[in-house]
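Just so it is clear, the values below take in all heavy atoms, side chains as well, and ignore hydrogens, waters and symmetry mates.
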Amino acid sequence: MPISNSLFFYKLQRSRDFCRTFDTGSELRPIGSPVPVTWYPALAVLLVGIGLMITASFFIYEATSSRRNRSLSKELTTGAVASLFLGFGSLFLLLASGVYV
């Protein structure tokens with residue numbers, strides 16, 4: 001047997017042994033969502049609504065306060081919280097409409 005064939009069969013045997021170590025058979029379960037699918041539309045509306053309210057309060061704060069009275073930490077915190085709510089709201093909106101991301 002040439003060297004290349006024996007090397008091929010050696011690698012084939014090793015790959016079969018490797019696959020057998022991870023083949024659990026009946027223990028495999030599909031990955032599911034931690035949130036029930038029926039909650040997607042309600043979560044989308046709730047999270048986007050909260051995000052829009054926080055965004056509106058951010059714009060009101062920016063428009064009504066003077067440059068000297070503004071706080072960078074408050075602006076960054078408000079923007080980050082609004083971004084989180086709008087981001088997760090958009091995610092659940094996509095999931096509710098059937099676009100699985």
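- Looking at every heavy atom in both residues, A44 comes nearest to L93 through CB-N, 3.5 Å.
- Taking all atoms of both residues into account, the shortest heavy-atom contact from V35 to S33 is O-OG, 2.8 Å.
- Listed by first and then second residue, the salt bridge (Lys or Arg N to Asp or Glu O under 4.0 Å) pairs that reach into residues 40-69 are E62-R70, sequence neighbours excluded.
- Between T55 and A82, the closest heavy-atom pair is OG1-CB, 3.6 Å.
- No side-chain N or O of Y40 forms a donor-acceptor pair with one of S97 less than 3.5 Å apart.
- Criterion: ILVMFWY side-chain heavy atoms under 4.5 Å apart, direct or through other members. Under it, I50 and V45 are not part of a common hydrophobic cluster.
- Looking at every heavy atom in both residues, T78 comes nearest to S57 through CG2-OG, 4.3 Å.
- The line from CZ of F85 to CD1 of I54 is 5.0 Å long, rounded to the nearest 0.5 Å.
- Heavy atoms of other residues, nucleotides or ligands lying less than 6.0 angstrom from CZ of F58 number more than 12.
- A heavy-atom distance below 4.5 Å is found between the side chains of L95 and Y100.
- Scanning all heavy atoms of the two residues, the minimum distance from A96 to P41 falls at CB-N, 3.8 Å.
- To the nearest 0.5 Å, the span separating CG on L86 from CG on L91 amounts to 12.5 Å.
- Under the 4.5 Å side-chain heavy-atom criterion for grouping Ile, Leu, Val, Met, Phe, Trp and Tyr, L43 is connected to V37 within one hydrophobic cluster.
- Here the side chains of V101 and V99 are in contact, with some heavy-atom distance below 4.5 Å.
- Of all heavy-atom pairs between Y61 and N69, the closest is OH-O, 3.8 Å.
- Screening V48, L47, L46 for a side chain to side chain contact (heavy atoms under 4.5 Å, CB included) involving F92 leaves a single residue, L47.
- I60 is not connected to L52 by any chain of hydrophobic side-chain contacts under 4.5 Å among Ile, Leu, Val, Met, Phe, Trp and Tyr, and they are in different clusters.
- Under the 3.5 Å distance criterion, the side-chain polar atoms of S83 are left unmatched by any main-chain donor or acceptor of A80.
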